[in-house]
Participant: 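Right, I'll just put the structure down here and ask away after.
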Amino acid sequence: MQDCDYQNTRLTHLGRDTSVSAGFVNVPVCRGSTILADNLEQWAQRKEPDNPYASYGRFTNPTLQTLTQAVAELEGGFQASLFPSGLAACTHALLGMLEVGDHLLIPDSVYGPVRAFAQQVLASRMGIQVQFYEPSLAEGIASLIRPNTKVVYVESPGSATFEIQDIPAIARCAHAVGAYVLLDNTWATPLFFKPFEHGVDVSIQAATKYLTGHSDALLGIATANERAWPLLRRAAHDFGQTAGPDDAFLALRGMRTLGVRLRQHQASALHIARFLENHPQVQQVLHPALESHPGHAIWKRDFTGSTGLFGVVLEPLSEAQLSRFFKTLRLFGIGLSWGGFESLALPMDMPKRNGRTLFGEGRLLRLHVGLEEPQHLQQDLAQALDAAYALNTSRNTSGLRLVAQQA
Ligand SMILES: *Cc1c(COP(=O)(O)O)cnc(C)c1O
């Protein structure tokens with residue numbers, strides 16, 4: 001927790017160069033493609049690779065640069081690149097590091113679209129050896145690493161299953177063969193996990209989520225250390241990746257309140273997670289800050305906080321009961337994405353591991369706990385669970401366990 005308070009102060013003050021904003025508190029939205037030079041000598045300087053002033057709007061502009069510098073500082077990395085979505089940041093970071101014939105290790109708990117990209121593009125079309133690994137592997141990953149392993153991808157906690165990974169141990173094994181460690185740090189944000197202190201080489205934010213924080217933009221940011229930066233920058237440039245200045249502005253505006261928002265998401269989500277953990281219709285709550293979570297010890301060692309997204313495995317229920325549950329919810333919306341101010345709930349496909357379904361007969365939901373009053377969210381879930389399990393299921397639910405109605 002050493003630097004949480006310090007981080008809040010930095011969130012307020014970083015990225016406020018008044019020479020860029022002409023004295024205004026906020027850097028303006030800089031729109032544009034052409035950047036004029038005063039003379040040929042200045043033009044030649046602009047085109048030098050390390051010149052801080054871009055020669056063209058696709059490479060950066062004052063709004064975009066304010067954001068990349070701020071995020072690079074928060075993550076603790078060297079420099080950052082912007083992408084039009086979180087997924088684009090993940091895929092282009094991978095493209096930047098990998099060549100034909102390289103071996104890539106990806107955890108089984110990875111965000112679904114990254115899994116699809118690895119299989120459908122990297123493996124099928126680009127000749128990269130893609131191997132999925134059990135996310136709980138720590139030093140054990142050494143046995144999977146090959147001389148041509150170029151990237152070990154990590155995501156902690158993983159999407160859908162919320163498994164925590166031992167990133168420092170994985171990074172030690174990866175670095176032994178010179179591989180890069182790429183992290184999807186969207187869940188923790190740089191406030192609650194410092195990737196570069198734990199051996200990560202590239203840290204990716206779906207800024208769409210908490211950084212922007214208001215469900216009003218799509219944006220990705222990848223931050224690299226000095227070793228990985230030339231490859232990341234080249235990938236962004238070669239593929240023509242950039243982001244719109246309005247979205248970057250929204251991310252900067254969201255960033256100012258990231259600390260206070262996360263404080264509330266954390267407290268409210270823990271309140272709801274503990275309520276659900278004691279609910280008779282709940283089999284399991286997948287939240288790494290709960291003592292019951294299998295990755296709790298590693299989470300406590302490496303992270304300085306938890307956020308608003310977690311999983312809950314309900315006792316078996318029919319489609320009709322599930323439908324009743326969602327129809328009865330009043331405060332939780334049904335929808336993709338998360339990290340905004342609003343609460344969301346979504347049924348998830350039951351995750352598979354080596355052909356076996358995890359969590360048996362239960363039903364996995366993903367909850368994002370927003371900024372509503374936690375007591376109201378608890379009441380909302382309680383009444384929806386009551387309504388769902390009260391529904392008569394004696395017909396067409398053969399094989400389902402009958403559960404007692406909550407008192
Ligand atoms: C949402 C998400 C992404 C992708 O972000 P988009 O901006 O929606 O493309 C990547 N990783 C994780 C863990 C996410 O939850």
Side-chain angles (χ1 to χ4, degrees), residues 67 71 75 80-95 106-118 120-122 132 135 151 153-165 167 181-193 195 200 202-223 236 239 241-244 246-248 250-251 254-255 258 262 265 269 286-288 295 299 303 306-311 333 335-340 342-346 348-349 351 364-370:
L67 179 61
V71 171
E75 297 260 21
S81 226
L82 288 175
F83 298 88
S85 69
L87 180 60
C90 298
T91 57
H92 288 87
L94 284 163
L95 287 167
I106 292 207
D108 249 322
S109 50
V110 75
Y111 178 63
V114 170
R115 168 186 287 271
F117 173 77
Q120 292 163 22
V121 180
L122 297 180
F132 291 93
V151 170
Y153 196 93
V154 289
E155 184 185 319
S156 184
S159 285
T161 57
F162 297 93
E163 289 156 287
I164 291 286
Q165 297 197 257
I167 295 173
V181 177
L182 268 54
L183 164 71
D184 187 328
N185 198 24
T186 302
W187 183 88
T189 85
L191 260 53
F192 291 157
F193 184 78
V200 168
V202 177
S203 178
I204 298 156
Q205 289 292 319
T208 306
K209 311 287 170 57
Y210 282 124
L211 198 76
T212 299
H214 294 73
S215 309
D216 52 5
L218 285 157
L219 193 69
I221 306 180
T223 304
F239 287 98
Q241 293 293 308
T242 183
D246 294 280
D247 291 336
L250 289 172
M255 185 189 77
L258 183 63
L262 285 190
H265 283 296
L286 312 174
H287 188 310
W299 171 80
F303 292 69
S306 60
T307 57
L309 190 80
F310 63 95
L336 278 177
S337 204
W338 48 274
E342 80 285 17
S343 290
L344 297 169
L346 209 60
M348 307 294 280
D349 291 338
L364 177 63
L365 304 184
R366 187 182 78 177
L367 297 182
H368 179 252
V369 173

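All heavy atoms count here, side chains included; hydrogens, waters and symmetry mates do not. Counting starts at 1 for both ligands and their atoms, in listed order.
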Participant: Counting only N and O atoms by type, is there a donor-acceptor contact under 3.5 Å from the side chain of His214 to the main-chain atoms of Thr212?
Facilitator: yes
Participant: Please report the shortest heavy-atom distance between Gly86 and Thr208, naming the atom on each side.
Facilitator: N-OG1, 4.2 Å
Participant: Answer whether the closest heavy-atom distance between the side chains of Leu258 and Leu211 falls below 4.5 Å.
Facilitator: yes
Participant: Take Leu336 and Leu346 through the test side-chain contact (heavy atoms from CB on, under 4.5 Å) and record every step on the way to the result.
Facilitator: CA-CA 8 Å; Leu336 278 177; Leu346 209 60; 3.6 Å; yes
Participant: Just how far is it from atom CG of Leu219 to atom CG of Leu67, taken to the nearest 0.5 Å?
Facilitator: 6.5 Å
Participant: At what distance, to the nearest 0.5 angstrom, does CD of Gln165 lie from OH of Tyr153?
Facilitator: 10.5 Å
Participant: List, pair by pair, the atoms of ligand 1 and of the protein that are both N or O and lie under 3.5 Å apart, giving the separation rounded to 0.1 Å.
Facilitator:
residue, atom, partner, partner atom, Å
ligand 1, 7 (O), Gly86, N, 2.8
ligand 1, 7 (O), Thr208, OG1, 2.5
ligand 1, 9 (O), Gly86, N, 3.1
ligand 1, 9 (O), Leu87, N, 2.8
ligand 1, 11 (N), Asp184, OD2, 2.6
ligand 1, 15 (O), Lys209, NZ, 2.6
ligand 1, 15 (O), Trp338, NE1, 3.2

